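These figures come from a predicted structure and were not determined experimentally. Throughout, protein chains are lettered first and strands after them, A, B, ... in sequence-line order, and every chain is numbered starting at 1.
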Amino acid sequence: MPELPEVEVVKESLKNTIINLIFKKVIINSNNLRYKINKRDLNKIINKKVLSITRRSKYLLINLSNKMTIVIHLGMTGKFFLVNKTNQIKKTSFYYQITKKDEKHNHVIFLLSNNVKLIYNDVRKFGFIKIILSGNIKQNAHFKILGPEPFSKNFNIKYFKNYLINKNRTIKDILMDQRFVSGLGNIYVNEVLFLSNIKPSTNSKKIDDKKIKNIIKNTKQILKKSIKQGGSSIKNFNDSNGKQGHFQQNFRVYGKEGVKCHKGKCKGVIKRSFISNRSTFFCSRCQK
DNA sequence: TTCTTTGTTCCGGA
DNA sequence: GTCCGGAACAAAGA
């Protein structure tokens with residue numbers, strides 16, 4: 001669920017709150033996330049300072065003063081809570097209230113030098129936390145296969161066109177492939193193809209230069225817009241201050257099966273199908 | 001009980 | 001060897 005915009009929003013909120021703080025203690029409540037956390041590695045972060053927080057694709061990177069990096073992937077439902085000593089977070093209407101139900105899924109708790117707790121919460125436990133040497137990130141198995149970031153200048157028409165040579169897959173499958181472009185998931189790919197008037201099942205061989213140009217433009221635009229609105233809060237996505245995003249209000253097709261398409265004068269209806277075993281939403285009229 | 005959700009990996013067939 | 005599509009896997013809620 002958290003795709004590039006959501007990870008970017010979490011990164012920014014953590015930047016504002018934990019940079020220059022020191023990890024004092026780590027408590028593991030359950031150690032069966034996607035990968036088991038190596039406790040010896042976890043000890044290495046104790047008394048180390050947070051220098052910077054960055055993002056690559058859907059990975060969050062917390063870079064520490066001892067040249068180690070905490071790599072976090074949020075999986076489907078991973079999120080961070082930042083709470084003070086008394087386990088309370090701000091009680092304004094804009095802030096999310098941690099409930100008893102949430103507490104059940106607080107898997108890893110990082111105690112910071114200002115007595116604030118950084119809590120990793122993950123209902124489905126598909127996320128993971130790994131500690132690696134900062135210098136090894138590029139060679140790391142998770143990172144070395146990643147294609148360009150959608151915002152980078154390397155994600156351009158020439159690259160796109162070249163990648164499609166000899167490919168015989170649906171355009172949706174290609175866009176979701178992290179080796180091609182990194183950071184997009186099912187939700188944003190559905191939205192990008194809708195904006196681009198392209199049917200998700202179109203074979204990538206039939207994607208001409210004009211369509212490529214359109215996809216690139218719409219990808220950058222939609223991601224940017226979502227980041228600006230705090231990401232999409234479906235399935236309870238929040239940033240680390242518990243703030244919700246609002247981009248889900250801009251979904252035009254995702255989760256909208258049976259809803260009328262409002263693009264221009266199109267009076268089509270949003271349909272749902274499966275591509276690569278994923279829910280796929282599109283307007284059967286204006287997406288050709 | 002079954003279905004749904006996601007990113008990633010694996011496997012069989014072409 | 002490579003490409004592609006489908007299945008499997010993780011866990012939990014509805």
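Listed by chain and number, the residues in a salt bridge (charged side-chain N to carboxylate O under 4.0 Å, His left out) with A:Asp209 are A:Lys161 (sequence neighbours excluded). The salt bridge (charged side-chain N to carboxylate O under 4.0 Å, His left out) search around A:Lys44 returns A:Asp41, not counting sequence neighbours. Remark: A:His107 engages A:Ser30, A:Leu33, A:His105, A:Asp122, A:Lys125 in a side-chain contact (heavy atoms from CB on, under 4.5 Å) (not counting sequence neighbours). Every residue two or more places apart in sequence or in another chain was checked for a salt bridge (charged side-chain N to carboxylate O under 4.0 Å, His left out) with A:Lys104, and none qualifies. Applying the side-chain contact (heavy atoms from CB on, under 4.5 Å) test to A:Ile28 and every residue at least two apart in sequence or in another chain returns A:Asn31, A:Ile37, A:Lys39, A:Leu42. By the salt bridge (charged side-chain N to carboxylate O under 4.0 Å, His left out) test, A:Arg124 is found to be paired with no residue, residues two or more places apart in sequence or in another chain being considered.
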Please report, to 0.1 Å, the donor-acceptor pairs under 3.5 Å made by any side chain of residues 192-201 of chain A, with sequence neighbours excluded.
residue, atom, partner, partner atom, Å
A:Ser196, OG, A:Val192, O, 2.7
A:Ser196, OG, A:Asn218, ND2, 2.9
A:Asn197, OD1, A:Lys263, NZ, 2.3

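In the hydrophobic clustering of ILVMFWY residues, with side-chain heavy atoms under 4.5 Å counting as a link, A:Tyr159 and A:Val189 come out together.
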- Task: Could you encode protein contacts along nucleotides 9-14 of chain B as a string, one character per nucleotide from 5' to 3', using B for base contact, S for sugar-phosphate-only contact and - for no contact, with a heavy-atom cut-off of under 4.0 Å?
- Result: ------
- Note on the structure: Once base and sugar-phosphate atoms are separated, protein heavy atoms under 4.0 Å mark nucleotides 9-14 of chain C, 5' to 3', with B, S and - as -BBBS-
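The pair A:Asp208-A:Lys210 does not count as a salt bridge, with every side-chain nitrogen at least 4.0 angstrom from each carboxylate oxygen.
Looking at which nucleotide of DNA chain B each of A:Tyr59 and A:Phe274 is closest to, the 5′-most match is held by A:Phe274.
Nucleotide B:dT5 holds its P atom 17 Å from the NZ atom of A:Lys79, rounded to whole Å. Rounded to whole angstrom, the span from the CG atom of A:Asn190 across to the P atom of B:dG7 amounts to 11 Å. Residue A:Ile275 contributes atom CD1, which lies 14 Å from atom P of B:dT6 at whole-angstrom precision. Following rounding to the nearest Å, A:Lys144 (NZ) and B:dT8 (C1') show an atom-to-atom distance of 15 Å. As a whole-Å value, the separation of A:Leu4 CG from B:dG7 P is 12 Å. For A:Ile187 and B:dT5, the CD1 to C1' distance is 10 Å, given to the nearest whole Å. Atom CZ in A:Phe143 sits about 14 Å away from atom C1' in B:dT8, given to the nearest Å. Look at CZ on A:Phe281: it is 11 Å from C1' on B:dT4, rounded to the nearest Å.
The side chain of A:Ser279 contributes no N or O atom lying less than 4.0 Å from OP1 or OP2 of B:dT4. Between A:Tyr188 and the phosphate of B:dT6, there is no side-chain N or O to OP1/OP2 separation shorter than 4.0 Å.
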Where do N or O atoms of nucleotides 3-6 of chain C meet protein N or O atoms at under 3.5 Å, pair by pair?
residue, atom, partner, partner atom, Å
C:dC4, OP1, A:Asn168, N, 2.2

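Between A:Met176 and A:Gly185, the shortest heavy-atom contact is SD-C, 3.9 Å.
Among residue pairs with one or both ends in residues 262-288 of chain A, those qualifying as ring-ring contact (aromatic ring centres under 6.0 Å, His included) are A:Tyr254-A:Phe281; sequence neighbours excluded.
Other residues, nucleotides and ligands contribute only 12 or fewer heavy atoms inside 6.0 Å of the CG atom of A:Asn166.
Each end of the helix from B:dT2-C:dA14 to B:dA14-C:dT2 gets its own rotation axis from five pairs of C1' atoms, and the angle between them is 50° to the nearest 10 degrees.
Within the 4.5 Å cutoff, the side chain of A:Val26 has heavy atoms near those of the A:Ile46 side chain.
A:Asn63 and A:Thr54 share a donor-acceptor pair across their side chains, judged by distance under 3.5 Å alone.
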